[in-house]
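Have a look at the structure below, then the notes.
Just so you know, these numbers come straight off a predicted model, no measurement behind them.
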Amino acid sequence: MSIEDKRKINERKFTRWEDLPGSRKYWLEINGKHGWKARYVKEVNASEETVRFYQEIYDEHNSLVEVHEKFPIDKGHRAIKKEG
């Protein structure tokens, strides 16, 4: 499969993306219960190969409260400490 084909698939699956030097970052946001949301983030290299995939959880105040890194190694859920 060509890089262009992989890119089209990623653009169809994820609603937003950002071009970075030598890579690209895609993300998709899903609204959850009580105003919370999940953001699925996929980072790829210049060949559109996945180098990192993780989930971010945001509360009703749009504050990041948890990250779950899934690829390349599933590190499980990591709570983000709130300051204050």
Locate the shortest heavy-atom distance separating [X] from [Y]; write the atom from each residue and the value.
| X | Y | value |
| --- | --- | --- |
| K42 | N10 | NZ-OD1, 2.8 Å |
| N31 | K37 | OD1-CB, 4.0 Å |
| R24 | D19 | NE-OD1, 2.6 Å |

For V44, the hydrophobic cluster (side chain heavy atoms closer than 4.5 Å, chained through members) also holds F14, W17, Y26, L28, I30, Y40, F53, F71

Worksheet item: Is there a path of hydrophobic side-chain contacts, each under 4.5 Å between heavy atoms of I, L, V, M, F, W or Y residues, that connects V51 with W27?
Response: no

To the nearest 0.5 Å, what is the distance between [atom1] ([X]) and [atom2] ([Y])?
| X | Y | atom1 | atom2 | result |
| --- | --- | --- | --- | --- |
| K33 | E60 | NZ | CD | 15.0 Å |
| R39 | E29 | CZ | CD | 4.0 Å |
| K6 | M1 | NZ | CE | 7.5 Å |

Before giving the answer on side-chain contact (heavy atoms from CB on, under 4.5 Å), spell out for E66 and Q55 the whole-Å C-alpha distance, their side-chain angles and the decisive distance to 0.1 Å.
-> CA-CA 8 Å; E66 189 173 283; Q55 177 188 37; 5.8 Å; no

Report yes or no: do H34 and D59 form a side-chain donor-acceptor pair below 3.5 Å?
no

- Query: Are any non-hydrogen side-chain atoms of R78 and E69 less than 4.5 angstrom apart?
  - Reply: no

- Query: Hey, are the side chains of K25 and R52 touching, using non-hydrogen atoms and a 4.5 Å cut-off?
  - Reply: no

